[in-house]
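Notes follow the structure.
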Amino acid sequence: MGQREVWRLMSRFNAFKRTNTILHHLRMSKHTDAAEDVLLEKKGCAGVITLNRPKLLNTLTFNMIRQIYSQLKKWEQDPETFLIIIKGAGGKAFCAGGDVRVISEAEKAKQNMAPVFFRVEYMLNNAIGSCQKPYVALIHGITMGGGVGLSVHGQFRVATEKCVFAMPETAIGLFPDVGGGYFLPRLQGKLGYFLALTGFRLKGRDVYRAGIATHFVDSEKLAMLEEDLLALKSPSKENIASVLENYHTESKIDRDKSFMLEEHMDKINSCFSANTVEEIIENLKQDGSSFALEQLKVINKMSPTSLKITLRQLMEGSSKTLQEVLTMEYRLSQACMRGHDFHEGVRAVLIDKDQSPKWKPADLKEVTDEDLNNHFKSLGSNDLKF
């Protein structure tokens, strides 16, 4: 048998293995009772959503997104449902994001999963942002990527001292999606640009101080807060806000500590006030402080394509509506699926875990304006529409 035949057989075997992995995931999601991955319950005056994959940090599957979207729309129309609460099971995570490993494997095996996954996920993000009922997200534990999309667009976001927020997508060849282009540029100064490009983690009360959470509650009081919300009788938005405000006022953890980035905000605002990633990098070099050089080291590890996409995404998103941003992000998501860096990032961070992605192109100057424009190009009849 010649070398070419051996290579062809190996390629077929690898494709077969990948297809089997995806089929296994799909079988698992079909055979698993929906209630195991996400619980959708009517309790008292509220509809309660519990993300229930604690061993997997409540990462989102397509089935979970579909079920949450469908139930949210029903509760929105139900006169007996006065508020919606969403939380994560297990205490370690609210939601660590979408199950991007499965998406990448599906794309490699030519299973056309990504267009449907991102379409329904972004429709859910929009449904949360436009929900006519008060929506309370209890963001206790890890809250990243898709988990941010399930919470940040809602009316009330309650963080605890265990909350860890991040949008780490530039490290996996993606961009801070799920409406990141809408909420990040609207944070104070250039904070959102900094969080988007570096994937910096905010913890505890700082998630509130940054403007991502609307309230902060000590975690030991979280169950009591939920009970008090459920016990309300036909509550108005003001009644719900009052309960949250009372718990927020009584919370003691880190009350007297200043925002961890407070001392660096002037540097963040000056260094990240630039129209190109290259200028931001130059600003950080010129600043030369240990903080600036640390961010420079982080940015240099990220996908150059992702960095350029992300900066433009936030700049454009700063003047768009949430729906317009999600339409833009859907175009970007599909372009990233067709490219190299997303699949390489998932491999390096989530599969092989060698943390050494080989980006293509590997240098910012090789990411041309034409490349960038192609990512933002309309998909015509395949665009996301609301």
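Heavy atoms only: backbone and side chains are in, while hydrogens, waters and symmetry mates are out.
Side chain to side chain, E279 and T276 meet the donor-acceptor criterion of an N or O pair below 3.5 Å. D177 and Y122 share a donor-acceptor pair across their side chains, judged by distance under 3.5 Å alone. Between the side chains of S242 and N239, not a single donor N or O lies within less than 3.5 Å of an accepting N or O. Q67 and Q71 share no donor-acceptor pair across their side chains, judged by distance under 3.5 Å alone. The closest side-chain donor-acceptor pair between K297 and N300, if any, does not fall under 3.5 angstrom. Under the 3.5 Å distance criterion, with hydrogens and angles disregarded, a donor-acceptor pair is assigned to the side chains of S378 and D383. Checked by atom type, the side-chain pair N382/R119 shows no donor-acceptor distance below 3.5 Å. The closest side-chain donor-acceptor pair between H343 and S104 falls under 3.5 angstrom. Counting only N and O atoms by type, the side chains of S318 and R186 include no donor and acceptor under 3.5 Å apart. Under the 3.5 Å distance criterion, with hydrogens and angles disregarded, a donor-acceptor pair is assigned to the side chains of D287 and S289.
Closest heavy-atom contact between F156 and H215: CD2-CE1, 3.8 Å. The heavy-atom pair separating L364 from K308 by the smallest distance is O-NZ, 3.2 Å. Taking every heavy atom of both residues into account, I240 and P235 meet most closely at CG1-CB, 4.1 Å. Of all the heavy atoms in M328 and E316, the pair that sits closest is SD-OE1, 3.7 Å. Among all heavy-atom pairs drawn from N58 and C95, the shortest one is O-SG, 3.2 Å. Of all the heavy atoms in A166 and R201, the pair that sits closest is CB-CG, 3.8 Å.
The main-chain N or O of K301 is found under 3.5 Å from a side-chain atom of W359 such that the two form a donor-acceptor pair. Not one N or O on the side chain of D218 forms a donor-acceptor pair closer than 3.5 Å with the backbone of E220. A donor-acceptor pair is defined here as one N or O able to donate and one able to accept, closer than 3.5 Å; such a pair exists between the side chain of D371 and the backbone of T368. No side-chain donor-acceptor contact under 3.5 Å links T305 to the backbone of S303. At least one donor-acceptor pair under 3.5 Å links the side chain of N374 to the backbone N or O of E370. Here the side chain of E107 pairs a donor or acceptor atom with the backbone of A114 at under 3.5 angstrom. Remark: side-chain polar atoms of E161 are not paired, donor with acceptor, to backbone N or O of D254 under 3.5 angstrom. Between the side chain of Q132 and the main chain of S130, a donor-acceptor pair closer than 3.5 Å is present. For E41 (side chain) and G47 (main-chain N/O), no donor-acceptor pair under 3.5 Å exists by modelled atom type.
Atom-to-atom distance recorded for F165:CZ and R157:CZ is 10.5 Å, nearest 0.5 angstrom. Between the CG atom in N126 and the CD atom in Q323 there is a gap of 4.5 Å [rounded to 0.5 Å]. Between the OH atom in Y193 and the CG atom in L195 there is a gap of 12.5 Å [rounded to 0.5 Å]. Between S319 atom OG and E324 atom CD the span is 8.0 Å, to the nearest 0.5 Å. Expressed to the nearest 0.5 Å, how far CD of E169 lies from CD1 of I309 amounts to 12.0 Å.
Relative ring orientation between F62 and F117 is described as tilted, the plane-to-plane angle lying within the 30° to 60° band.
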(message) For a side chain to side chain donor-acceptor pair (under 3.5 Å) check, start with the C-alpha distance between R205 and S251, then their side-chain angles and the critical distance, and finish with the verdict.
(response) CA-CA 10 Å; R205 198 179 278 267; S251 67; 3.1 Å; yes

(request) For the pair Y208 and H248, evaluate ring-ring contact (aromatic ring centres under 6.0 Å, His included) and give the outcome as yes or no after the intermediate values. (result) CA-CA 10 Å; Y208 163 73; H248 174 78; 4.7 Å; yes

(message) If you apply the rule salt bridge (charged side-chain N to carboxylate O under 4.0 Å, His left out), what do you find for E344 with K358, and how did you get there?
(response) CA-CA 7 Å; E344 172 61 8; K358 304 290 184 286; 5.7 Å; no

(message) side chain to side chain contact (heavy atoms under 4.5 Å, CB included) for D99 and R53? Distances and angles first, verdict last.
(response) CA-CA 11 Å; D99 203 338; R53 301 177 84 204; 3.7 Å; yes

(request) Please report the C-alpha distance between V178 and M167 in whole Å, then the side-chain angles of each, then the deciding distance to 0.1 Å, and finally whether the side chain to side chain contact (heavy atoms under 4.5 Å, CB included) criterion is met. (result) CA-CA 10 Å; V178 296; M167 295 298 279; 4.0 Å; yes

(request) Could you please spell out the steps behind the side chain to side chain donor-acceptor pair (under 3.5 Å) verdict for S219 and H140? (result) CA-CA 7 Å; S219 62; H140 173 65; 4.9 Å; no

(request) Go through the steps to decide whether F82 and L229 satisfy the test side chain to side chain contact (heavy atoms under 4.5 Å, CB included), and finish with yes or no. (result) CA-CA 10 Å; F82 290 87; L229 289 172; over 6 Å; no

(request) Apply side chain to side chain contact (heavy atoms under 4.5 Å, CB included) to L150 and T143, showing your working. (result) CA-CA 9 Å; L150 287 181; T143 305; over 6 Å; no

(request) Just do the salt bridge (charged side-chain N to carboxylate O under 4.0 Å, His left out) check on K203 and D206 with the steps written out, would you? (result) CA-CA 6 Å; K203 297 174 183 175; D206 285 335; over 6 Å; no

(request) Please lay out, stage by stage, how H264 and F291 fare under the test ring-ring contact (aromatic ring centres under 6.0 Å, His included). (result) CA-CA 8 Å; H264 303 301; F291 175 79; 3.9 Å; yes

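Both F342 and L332 are assigned to one and the same hydrophobic cluster, defined by single-linkage of ILVMFWY side chains at heavy-atom distances under 4.5 Å. Using a 4.5 Å cut-off between side-chain heavy atoms of Ile, Leu, Val, Met, Phe, Trp and Tyr, with links allowed through other members, L197 and I268 fall into the same hydrophobic cluster. Hydrophobic clustering (side-chain heavy atoms under 4.5 Å, transitive across Ile, Leu, Val, Met, Phe, Trp, Tyr) groups L184 together with M302. Put simply, I139 and I86 are part of the same group of oily side chains (I, L, V, M, F, W, Y) that touch within less than 4.5 Å, one to the next.
Each of N63, N52, I49 was checked for a side chain to side chain contact (heavy atoms under 4.5 Å, CB included) with V38, and the lone residue meeting it is I49. Among V100, L174, D341, D352, the one residue that satisfies the side chain to side chain contact (heavy atoms under 4.5 Å, CB included) test with V346 is V100. With W75 as the partner, the side chain to side chain contact (heavy atoms under 4.5 Å, CB included) test is satisfied by one option alone out of V48, I84, L83: I84. With respect to L296, the side chain to side chain contact (heavy atoms under 4.5 Å, CB included) criterion is satisfied by exactly one of N283, T198, L284: L284.
Between F194 and F272, the ring center distance clears the sub-6.0 Å criterion.
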